[in-house]
Amino acid sequence: MHPATGLCMLSAVTACAGFPGGSNGIGGANKQMPVELDGLPPGLEDKTRTVLETDEAPPKSILESRRQAGDAASTLEEFLAAEGYLAAQVSPELIDTLEKKPRLDVQADERFEVASVKLSMASPVSEPLQAKLDAALKTVPVGSPARTIDIEGLDSRLVRTLQDNGHAFAESGGIDVLASRKEKSVEITYALKPGPYVRLGDMTLTEGSASDMDTIRLYRTWTPGDVYVADKIDQLRARLRSSGLFDGIGVAISETPDSNGLYPVELTLTEAKRRSVGAGVTASTTDGVGADAFWERRDVTGAGDTFRLQGAVATLARDLTATYTRPNIGRYGRTFTAETGVRAEETDAYDLQGVKVGAALSQPFNKNFTLSAGVTLDATRTKELRLRALLEPRELVTLSFPLAATYSTVKQPLDPQSGNKAFLGIEPGMSVGDANAGYTRLLISGSTYKKIADGPFVAALRSEFGAFFGSNGVPADRLFFAGGGGTVRGFDYQSLSPTDSSGAILGGRALFDMSAELRYRRSEKIGYVLFVDTGSAANSTDEVFSDLRTAVGLGFRYYPGFGPVRVDIATPVDRRDGESPVQFYISIGQSF
């Protein structure tokens, strides 16, 4: 206790003014307030309920009721101190019955305010950095409430400011808070230990790390001699983690500089299993049922490369694909991919068998934006259904040059919570064989995800537009089709596409579809979705917007830990003769 004030002078705020277990979340359905309150400061009712609500069983004796009331009083005093009421006292009234809840008498007194904020530096820093620290102090201004979360948050920001400006070993020496009961104020002093100014050297591997240094060096996020920045080390960890090559990743800055005055970065890496297998299933009333599986071998040559064999069998399609991926060619992120595979499709529009080989090179320009270019050779045998009859098969060889640009700030691909995605693909090509035809295929898509008020709701929106230029004599799968799980749920697969005079489905030269979802995460394992889909495929861009079809639906999500299992049911808004009233879809991952 401070002799002048009767309050505490702290080396850490939480020793006096922290409150345990606080939460801004919504109380669970089975929780209850064990006490009633009298004298609580205005504006704290909701937070107080969150702090005091408990799922503990009601007391069975007066002694147990007194114990619960005493615990609640202690918790409430700590909470009020954390909110700036450092002199608050909470006393349980005399408990002599179980017929009513115990009452707590709250004497909050006045809220303490910040009187001054100062720094105590163990060693000096540069003038520009000192100016940044002084500016950070103003985020807890004189006269503001002395709230623990603000005071401790500033301590973390000051340390981070030091670390982001070359002081890798910066740490807090504690927070001294001198409180005055008379003035109802606190004087705050932050003790900081900046440590040395660090310039990063090369990476080193600790003994026992099974990795090739030339391969690992490509993940480096700095040039030797660069000033230490915490984000560069965080980015290195993220790169190593995303490679899938390591189960354990340790990154530490050497406390001793090398002969050049640079601080090496020491890596401790535990190699992950090189082989993995996986499988999945899908089912819907429009697309049929299907199963897929893969076998993968990582780090085939020691350069982080991967060989993957994947197959799928479904009602409408089957395929088997072998893919080789070689990352970080010459620089981080530049990736070469080679692929070969066979496929067969039987849809209401066409039957197709094909053999394809291709290669692509992709290059990220920052953590969000990537460009790729490739070449593909595709041999197909296609029977198209026109005038309700299968035409004679056409055998074609198609050479195409797909180009793509991708932008993404989404961090959870299977269950996006926030961020944006955009894709632009252009595919010029030429088919030869039973027909000679050139074409260019354009596809643009985008999606956005946003949490609503940081709660359990996520709003998601996706849109897609496609245009085809050239001859329809190319393989039918180069054209556009709409309807089904991948475009507009609630309608049969490919049913929202152009038809001939007999009603047989044809591929379109334009595509538009859009989906909006409101996702509700009810608990850790369970979620629900409301959605609206609209879209169509047509013979021209003008026509595609003249006959948009819309469906609405409900979805159920189960979260086993790796991504949601999705069950959707959808129905057309303006159902026409012959259309099913409902369609079901089961898959893994959100719909987009």
Side-chain angles (χ1 to χ4, degrees), residues 200-226 231-254 258 262 264-278 293-311 320-341 356-377 401-406 408 411 413:
L200 295 173
D202 203 352
M203 296 189 298
T204 62
L205 285 173
T206 59
E207 186 175 352
S209 294
S211 301
D212 177 68
M213 195 63 230
D214 290 337
T215 298
I216 298 302
R217 191 170 285 114
L218 292 170
Y219 293 92
R220 193 176 61 198
T221 56
W222 66 90
T223 300
D226 286 353
D231 283 345
K232 292 182 179 180
I233 303 302
D234 292 341
Q235 187 180 2
L236 171 64
R237 289 192 183 95
R239 286 182 174 186
L240 292 170
R241 192 178 302 113
S242 66
S243 72
L245 299 176
F246 309 105
D247 274 341
I249 299 171
V251 182
I253 311 300
S254 172
D258 61 20
L262 305 180
V265 177
E266 300 173 348
L267 303 182
T268 303
L269 303 175
T270 304
E271 188 175 353
K273 293 181 179 179
R274 294 195 174 192
R275 295 176 178 83
S276 60
V277 295
F294 73 87
W295 176 88
E296 187 174 83
R297 170 68 158 83
R298 290 180 292 276
D299 211 19
V300 178
T301 67
D305 47 349
T306 300
F307 176 77
R308 184 183 182 101
L309 187 65
Q310 183 161 348
L320 180 65
T321 303
T323 305
Y324 174 78
T325 303
R326 171 71 161 82
N328 307 325
I329 299 176
R331 59 174 294 184
Y332 176 77
R334 182 179 294 154
T335 301
F336 171 78
T337 302
E339 183 178 279
T340 183
K356 180 166 64 176
V357 294
L361 190 67
S362 65
Q363 174 64 60
F365 287 84
N366 54 46
K367 64 180 181 179
N368 304 125
F369 181 67
T370 301
L371 291 178
S372 67
V375 58
T376 299
L377 189 66
F401 301 90
L403 307 170
T406 304
S408 177
K411 296 181 180 180

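Just the heavy atoms: all of them, side chains too, but no hydrogens, waters or symmetry mates, feed the values below. Not measured: the values here are computed from a predicted model.
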Heavy-atom distance under 4.5 Å between the side chains of Val357 and Thr376, does that happen here? no

Just do the side chain to side chain donor-acceptor pair (under 3.5 Å) check on Thr206 and Thr268 with the steps written out, would you? CA-CA 5 Å; Thr206 59; Thr268 303; 3.0 Å; yes

Mind listing the closest non-hydrogen atom pair of Tyr332 and Pro364 along with its distance? O-CG, 4.3 Å

Do Ser276 and Arg298 make a side-chain contact, defined as non-hydrogen atoms from C-beta onward lying under 4.5 Å apart? yes

side-chain contact (heavy atoms from CB on, under 4.5 Å) evaluation trace for Gln310 with Thr323: CA-CA 8 Å; Gln310 183 161 348; Thr323 305; over 6 Å; no

If you define the side chain from C-beta out and look only at heavy atoms, does anything of Phe246 sit under 4.5 Å from Leu267? no

For Ala405 against Leu371, the heavy-atom pair lying closest together: CB-CD2, 3.4 Å

Do Arg308 and Phe294 meet the cation-pi criteria used here (NZ or CZ under 6.0 Å from the six-membered ring centre, within 45° of the axis)? yes

Do Thr204 and Glu266 come close enough that some side-chain heavy atom pair is under 4.5 Å? yes

Which heavy atom of Asp299 sits nearest a heavy atom of Gly304, and at what distance? OD1-N, 2.8 Å

Distance (rounded to the nearest 0.5 Å) between Ser243 OG and Ile249 CD1: 6.0 Å

Distance, nearest 0.5 Å, that separates CD1 of Ile233 from CG of Leu200: 5.0 Å

Spatial distance of atom CG (Asp202) from atom CG (Leu262) [nearest 0.5 Å]: 9.5 Å

What I'd like to find out is whether the side chain of Met203 reaches to under 4.5 Å of the side chain of Leu236, using heavy atoms alone. yes

Separation between OG1 (Thr321) and CD (Glu339), nearest 0.5 Å, reads 5.0 Å

Going by the side-chain contact (heavy atoms from CB on, under 4.5 Å) test, name the single residue among Thr337, Asp305, Val300 that passes it with Thr325. Thr337

Within the side chain of Arg239, is there an N or O that forms a donor-acceptor pair under 3.5 Å with the backbone of Arg220? yes

Which heavy atom of Arg297 sits nearest to which heavy atom of Trp295, and what is that distance? CB-CH2, 3.6 Å

Find out whether Asp234 and Thr221 are in side-chain contact, i.e. whether some heavy atom of one side chain is under 4.5 Å from a heavy atom of the other. no

Between the side chains of Asp247 and Lys273, is the shortest nitrogen-to-carboxylate-oxygen separation below 4.0 Å, so that they form an ion pair? no

Nearest non-hydrogen partners of Asn328 and Thr335, listed with the distance: N-OG1, 4.3 Å

Supply the atom-to-atom distance Tyr324 OH to Leu309 CG, rounded to the nearest 0.5 angstrom. 15.5 Å

Any idea which heavy atoms bring Thr215 and Gly302 closest together, and the distance? OG1-O, 3.2 Å

Separation between CZ of Arg241 and OH of Tyr219, rounded to the nearest 0.5 Å: 13.0 Å

